[in-house]
Amino acid sequence: MFTGKYVFAQLVEFLPQRIFDAIVNKYDGNRYVKHFTCWNQLLAMMFGQLTNRESLRDLIVAIDAHRSKCYHLGLGKNVTRSNLSKANENRDYRIFEEFAYYLIDIARKKRANTDFEIQGKVYAFDSTTIDLCLSVFWWAKFRSTKGGIKLHTLYDITTQIPAFVHITSASVHDMNAMDVIPYEYGAYYIFDRAYMDCSRLYNVSRHSAYFVIRAKRNLKIEILKDLKRDNCPEIIISDHLVRLDAFYSYLDYPENFRRVRYYDVETRRPFTFLTNNMEITAEQVALLYKNRWQIELFFKWIKQHLKIKSFWGTSENAVRIQVCSAIITYCLVAIVEHDLKINRSTYEVLQVLGISLLDKTSMIELFNNAENNDFKELLYNQQLSLNF
């Protein structure tokens, strides 16, 4: 029988603590701190994410119920509501943001694959809005009586890991976030038509990257050449080399590009796509845009299974730290999936971990049991014995 570390302590071992400590030193995060360090703060936030706590009070009650185990869980001796609240409000959120990007890089490397039909890096860029109470989150003004923030996310389609996250007020227009995207040479970037901005799309071309975007209906173009192949399937309505016909639009994007019109059999609707890539087929252009839906599924997943809709602090700094801790948790689960070769969905892995954090069971044995038993029955039985 395994009598070693708690599951949460085993999980924490997958985190590169030396890298986190170096980032903390960079921003002087532990200055004047005696007991509750940045590392303790990170683990407390992750514990809340994994156990699906609804509020800061709810999180502290759960930790207090197992105070004798806090040291062995890595949470430190003195986790109180005031300590965690002050840490989230005052400590530099860039510590957690930089560590999140470090984990993102590790997770993407581990989950890299060549299964996607189109070779190269493929990203979808979109945003999701999180509504907030304006009287509490006064800094996140959206409308006269409503507050909110936006998570502008660059999602890696091939690894299913967010490569870049930019947090703004909900009043910031989506296309403005295109200015901060770290474009990579030869990569594909997929946008919805809300991002149709000629100067910003030309910026993608200047970085020797490719875009695929759904065209707006009122776009004025001049057809230069028919690129449709003789053996092209019927779902490809047309494939043309075009340029912008409006004067100012042409100044913003002075090069030629492709317009592909595609008929979707499932929805029985035609779609029009624009791209600056002249090499891939029209079917591949449609395939790239079809995979944009993965980022919508990602937004739905994190809103349902991680805590980014109800916040444990009201300041902008606290909100940013909580969003970063959610991304760190997501990447950690992805890394554990890869390293332990777990043949389960990310949702199922998160569920097993969330209800087993205080068990002294080997993680390998834990997921082997999940493989050998009916998964829903296993979750039900473990939830009955959960002492929160």
Side-chain angles (χ1 to χ4, degrees), residues 118 121-129 142 150-157 163-166 168-184 186-225 227 236-264 267 269-280 282-296 298-299:
I118 300 171
K121 296 180 178 179
V122 182
Y123 300 103
F125 188 72
D126 207 345
S127 70
T128 185
T129 301
F142 181 22
K150 275 186 181 178
L151 300 184
H152 305 272
T153 305
L154 187 66
Y155 187 71
D156 190 333
I157 297 295
F164 174 75
V165 178
H166 181 58
T168 67
S169 168
S171 59
V172 175
H173 196 281
D174 287 352
M175 67 174 61
N176 291 334
M178 295 173 71
D179 297 334
V180 297
I181 296 176
Y183 294 111
E184 299 177 30
Y188 294 88
Y189 295 87
I190 311 167
F191 303 99
D192 195 10
R193 58 185 172 188
Y195 295 90
M196 185 65 206
D197 182 273
C198 296
S199 61
R200 289 181 169 95
L201 291 177
Y202 189 53
N203 186 41
V204 179
S205 294
R206 286 202 301 267
H207 283 84
S208 299
Y210 305 113
F211 64 81
V212 174
I213 187 170
R214 188 176 169 192
K216 290 186 175 180
R217 294 178 182 176
N218 61 351
L219 187 67
K220 296 181 179 180
I221 60 169
E222 178 186 353
I223 298 176
L224 303 177
K225 185 179 179 181
L227 301 176
I236 302 301
I237 302 171
S238 65
D239 185 4
H240 291 125
L241 181 69
V242 299
R243 69 181 176 191
L244 293 169
D245 198 29
F247 177 75
Y248 289 107
S249 297
Y250 181 76
L251 289 180
D252 289 335
Y253 198 106
E255 295 181 358
N256 302 333
F257 53 91
R258 287 171 73 184
R259 185 190 69 173
V260 175
R261 298 193 67 215
Y262 167 81
Y263 182 78
D264 186 24
T267 60
R269 293 172 55 198
F271 292 88
T272 303
F273 308 123
L274 307 177
T275 181
N276 61 339
N277 189 298
M278 306 297 174
E279 304 299 327
I280 60 176
E283 301 97 293
Q284 288 176 321
V285 172
L287 174 66
L288 282 169
Y289 189 84
K290 192 172 184 179
N291 276 275
R292 194 199 71 84
W293 187 247
Q294 290 191 35
I295 192 171
E296 304 291 353
F298 169 74
F299 287 144

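Because the structure is a prediction, the values reported are computed rather than measured.
For the pair Asp174 and Lys150, the salt-bridge criterion is met [side-chain N within less than 4.0 Å of a carboxylate O]. Salt bridge annotation for Lys121-Asp156: absent, with no cationic side-chain nitrogen under 4.0 angstrom from a carboxylate oxygen.
The structure places CZ of Phe271 at 10.5 Å from CD1 of Ile237, a figure rounded to the nearest 0.5 Å. If you take CG on Asn277 and OG on Ser205, they are separated by 10.0 Å, rounding to the nearest 0.5 Å. To the nearest 0.5 Å, atom NZ of residue Lys225 and atom CD1 of residue Ile223 are 14.0 Å apart.
Side chain of Arg259 to main chain of Thr272: no donor-acceptor pair is present (N/O by atom type, distance under 3.5 Å, no hydrogens or angles). At distances below 3.5 Å, at least one donor-acceptor pair connects side-chain atoms of Thr275 with backbone N or O atoms of Phe211. With hydrogens and angles ignored, the 3.5 Å screen pairs no side-chain donor or acceptor of Asp197 with any backbone N or O of Asn176. His240 places no side-chain N or O within donor-acceptor distance of the main-chain N or O of Val242, the cut-off being under 3.5 Å.
Looking at every heavy atom in both residues, Phe273 comes nearest to Arg214 through CD2-CA, 4.1 Å. Looking at every heavy atom in both residues, Ser199 comes nearest to Asp252 through N-CB, 3.7 Å. Considering all non-hydrogen atoms of both residues, Thr153 and Ile295 come closest at O-CD1, 3.3 Å. For Ala187 against Tyr123, the heavy-atom pair with the smallest separation is CB-CE1, 3.9 Å. Of all non-hydrogen atoms in Phe142 and Ala170, the two that sit nearest each other are CE1-O, 3.4 Å. Minimum heavy-atom separation, His152 to Ser127: ND1-CB, 3.5 Å.
Note: Tyr253 and Tyr202 meet the aromatic proximity criterion, with ring centroids under 6.0 Å apart.
Taking the six-membered ring where the residue is Trp, Tyr195 and Phe191 present tilted rings, their angle falling between 30° and 60°.
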Quiz item: What do the steps show when you test Leu288 against Tyr210 for side-chain contact (heavy atoms from CB on, under 4.5 Å), and what is the final call?
Solution: CA-CA 11 Å; Leu288 282 169; Tyr210 305 113; over 6 Å; no

Exercise. Give the intermediate values and the outcome of ring pair (Phe, Tyr, Trp, His ring centres under 6.0 Å) for residues Tyr189 and Tyr183.
Key: CA-CA 9 Å; Tyr189 295 87; Tyr183 294 111; 5.0 Å; yes

Quiz item: Are Phe125 and Ile190 close enough, and set up right, to give a side-chain contact (heavy atoms from CB on, under 4.5 Å), and what steps lead you there?
Solution: CA-CA 6 Å; Phe125 188 72; Ile190 311 167; over 6 Å; no

Practice problem: Give the intermediate values and the outcome of side-chain contact (heavy atoms from CB on, under 4.5 Å) for residues Gln284 and Val212. | Solution: CA-CA 10 Å; Gln284 288 176 321; Val212 174; over 6 Å; no

Self-check item: Val122 vs Asn291, side-chain contact (heavy atoms from CB on, under 4.5 Å): CA-CA, chis, key distance, verdict
Solution: CA-CA 9 Å; Val122 182; Asn291 276 275; 5.9 Å; no

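Between Leu274 and Met196, some side-chain heavy-atom pair lies under the 4.5 Å cut-off. Residues Leu219 and Leu244 form a side-chain contact, since some pair of their non-hydrogen atoms from C-beta on lies under 4.5 Å apart.
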